[in-house]
Structure formats: structure tokens, C-alpha cells
Amino acid sequence: MPITIVRNDITKMECDAIVNAANSTLLGGGGVDGAIHRAAGPKLLAECRTLGGCDTGRAKITGGYDLPARYVIHTVGPIWQGGSCGERELLASCYRESLRLAEEHGCGTVAFPLISAGAYGYPRAEALRVAMDTCSDFLTEHDMMIYIVVFDRGSLLVSEKLYADIRRFVDDNYVSEHTDNTSRRHFRLFSRAAKSDSMGGASAMAAAMPMAAQLNEAVCEESAVPDGLAEAMAQIDESFSQMLLRKIDEKGLTDAQCYKKANIDRKLFSKIRSDVDYKPKKITVIAFAAALELSIDETRDMLMKAGFALSHSSKFDIIIEYFITHGRYDIIEINEALFEFDQPLIGG
Ligand code: APR
């Protein structure tokens, strides 16, 4: 995943560069600034003394010294003053300038803290959104692995409304509506289809449609299991990889537009494109479904071709279904919400 959010202490990140949320003197402070100086040792401060400070929105680079990272990029975020003093642009500049320095120094991996989201008072959810948007823009033109490192369980990382909507969707509608009847309904349908096929019996159906056999355990909408064997065979003829490439064409996207939008790196996409039987991870399939803005039925179909199903007993699946059924396909927003709910992120 070219950009991902992790919960960690940034001084532990084994990246080419870590970014420090510094102040304009570059002579250390509290928060992440203090943690980085403590972990790097006194040589870091000695080098910082030679830099002559740094303006807000700008960045300067030093060695990493006793840190696992090779470099420390020091940037000075804006102090939050309510949002009408150009804070957003200054914060975005911190990420852009830091990424420019990282690229100039040949860094393949970079870790950022949530700049300005601590002592400088920038609201966390908005600070994360600026970080993700600016880094995603950078990744449309560059190849790099970017980590947004969240250190503490402070205020929400998504809007309170979105959090409440997802919570309600998880707690009320989706689980109650599907707890009892769908699996029974689905089992009846599967048995009827097995009896009706010309190859005779559930064993033939189960052999021809391994995903359908798996679906018996996982709850799934009726539309995902075709009525007859012929239709089923037609559906499983097309592999995941073939369906993906067909959908990219149908949506009028280029390969690069699709995999960048899906938070998938180029190498992984090349593997999928070159192997008609490639078996992706579930988070990869879902990332492509979001990038292609598939309906929930098309998403289920693409998942089934990779051997997966959306299940009502998985919070991750429920959150994914929330976003797809509400037509919210922004991978950044989906991953922010997944992170907030301690779920795996999508991409590959
Ligand atoms: N690893 C990752 N993130 C961390 C760590 C850590 N070890 N320690 C703190 N953070 C997080 C905070 O939880 C916050 O979300 O970094 C984010 C930025 O918080 P601050 O460090 O307070 O930085 P900032 O808000 O930009 O304020 C900068 O604080 O430390 C001083 O010298 C610094 O004056 C400057 C000001």
C-alpha cells in the first residue's frame, strides 16, 4: 500500500526518513520533537544548530544518528488559529516540502507524525485528511511508501457524524436484518440449485462452485448465487484478474489511474495483470472495487471470483458495505474509518 496509517512510536520506524514536527528554532522541544531528539542522541541537536532554524511550512534534513531511520526531516507546522489564517496550505506545504527532500535524498520509505495535531492544536481529523490528501497527490507522480504514524488514542480521526453513521450501521441495521433469515434463505437456494443441475447432486455443484460451498458458511445476498449451473459456470469462467481488467476498460480508466486510486502499488498491479489466475488478498479486491466504484453486487461478484464473500459477522466487511452502499468510494476516507475502528486498511 503506497500510503498507510499505522499506530506506532515514530522513533521506532525503520524507514529511510522520519519527519519531525519541529518548531522554527529546530533546537528541540516536547512531543514528537522531544522523542526524536532523545532517540537520535546529541549529534542530532549538534547538526540542527548548524541549520539556522526553519520557517513554518518549510523543511530541512539531517542525519538520523541513533535512530533506525537514515534521515530526519524537520518541518514546522502551523499553529491552529481557527482555520482562517492559511493553516491548511501551510500544513500541506510541510508534507510537500518533506516529500521533496525525501525524494531528493533517494528515500523509498518515509514516516510522518500528525504534524501540528498536538501542541499546535490542529484538529486531528482535519490534520489527518491534509496529510492523506497531500501524500496521495504526491504518489500520483512518484513511487514511495508513506506511513502516517498515529501515536495516541486522542480525539476521533474521522468526523463525528461519519463515526456515528458507521457505528449505527454496524450496531443496528446490517446485523439485525441478516442475523437469522439470510443464511437459511441462502441454504435453501443453494440446495435447489444443486438438485436442478444436470451433473447431478450437490457434489457436482460444490465441485464446480467452490466459492458457493464456502458461501454456505458466510452469509451472502441471494443474488450472489446463480440459479442454475450454466449461469454459475458462466460467472466463474471469468477470473478475478479478467473481471478487473474488463471493469477498468468499461470505466474508461487507465491501469495507472485505477491502481493509484486503489492505493495499490505498480508492482502488485503488474503481477495481477500478468497472471490470469492471480489470487489477491481480500483487502486488494475491495480496494479495486472502491476504485472502480462498483455496486455492492458487483463487489460481491469480484470478491467471489477471488474466493471471498462479505460476511455480516465481520466488522471490517460491514464497514466496507457501509461505504459501498452509500456510494462513498474515497479510499482515504474508507481507510481513515477502518483505522478508527481498528480494522485492516484496504489497498495492496
Ligand atoms: N511518535 C509518533 N507521533 C507522536 C509521538 C511519537 N513518539 N509523540 C507525539 N506524537 C504525535 C502527537 O500525538 C501528535 O498527534 O505527534 C503529533 C504532533 O504533536 P506535537 O509533537 O505536539 O507537534 P505539533 O503539534 O506539531 O507541535 C509542535 O511542539 O514539541 C513541540 O518543538 C515542538 O514547538 C513544537 C510543537
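Basis for what follows: all heavy atoms, side chains included, without hydrogens, waters or symmetry-related copies. Ligands are counted one by one from 1 in listed order, and the atoms in each one are counted from 1 as well. Numbering starts at 1 and runs along the sequence shown.
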* **ligand 1 N/O within reach of D33 N/O, cut-off under 3.5 Å** => yes

* Between D152 and ligand 1, which part of the residue brings a heavy atom under 4.0 Å of the ligand: side chain, backbone, both or neither? -> side chain

* Kindly confirm or rule out an N or O of T11 lying under 3.5 angstrom from an N or O of ligand 1. => no

* Asked: Which residue holds the protein heavy atom closest to atom 3 (N) of ligand 1, what is that atom called, and what is the gap in Å?
  -> F151 CB, 3.2 Å

* **Audit row: T11, D9, side-chain hydrogen bond (donor to acceptor under 3.5 Å, both in side chains) steps and yes/no** => CA-CA 5 Å; T11 63; D9 173 346; 2.8 Å; yes

* Specify the protein heavy atom at minimum distance from atom 7 (N) of ligand 1: its residue, its atom name, and the distance to 0.1 Å. => D9 OD1, 3.0 Å

* Can you check whether F323 and Y329 have ring centres sitting under 6.0 Å from each other? -> no

* Asked: Do any nitrogen or oxygen atoms of I10 come within less than 3.5 Å of a nitrogen or oxygen of ligand 1?
  -> yes

* Structure fact -> closest protein heavy atom to atom 23 (O) of ligand 1 is A21 CB, 3.7 Å

* To do: Run the contact test for G77 against ligand 1 with a 4.0 Å cut-off on heavy atoms, strictly below, and give the result.
  => no

* Considering only the protein, which heavy-atom contact is closest to atom 36 (C) of ligand 1, and what is its distance? -> Y120 CE1, 3.4 Å

* To do: Starting from atom 22 (O) of ligand 1, locate the nearest protein heavy atom and write down its residue, its atom name and how far away it is, to 0.1 Å.
  => A119 N, 2.8 Å

* Considering only the protein, which heavy-atom contact is closest to atom 21 (O) of ligand 1, and what is its distance? -> V32 N, 2.8 Å

* Report yes or no: does E340 contribute a side-chain atom to a donor-acceptor pair with the main-chain N or O of L157 at less than 3.5 Å? => yes

* Aromatic ring pairing F288/F240, orientation class (parallel under 30°, perpendicular over 60°, tilted between) -> tilted

* Structure fact -> the protein heavy atom lying closest to atom 25 (O) of ligand 1 turns out to be G118 N, 2.8 Å

* **Heavy-atom nearest option to atom 30 (O) of ligand 1, drawn from G29, G30, A35, S155** => G30

* Asked: Between Y163 and F341, is the ring centre distance below 6.0 Å?
  -> yes

* **With sequence neighbours excluded, residues passing salt bridge (Lys or Arg N to Asp or Glu O under 4.0 Å) with R49** => none

* Test item: side-chain donor near acceptor, S311 and S313, under 3.5 Å -> yes

* Asked: Among protein heavy atoms, which lies nearest atom 17 (C) of ligand 1, and at what distance?
  -> L114 O, 3.2 Å

* To do: Look at the side chain of S136 and the backbone N and O of M132, then say whether any donor-acceptor pair between them is shorter than 3.5 Å.
  => yes

* To do: Could you work out the complete set of other residues in the hydrophobic cluster of Y147, with links drawn between I, L, V, M, F, W and Y side chains under 4.5 Å apart?
  => V6, I10, M13, I18, V32, I36, L44, Y65, L67, V72, M145, V149

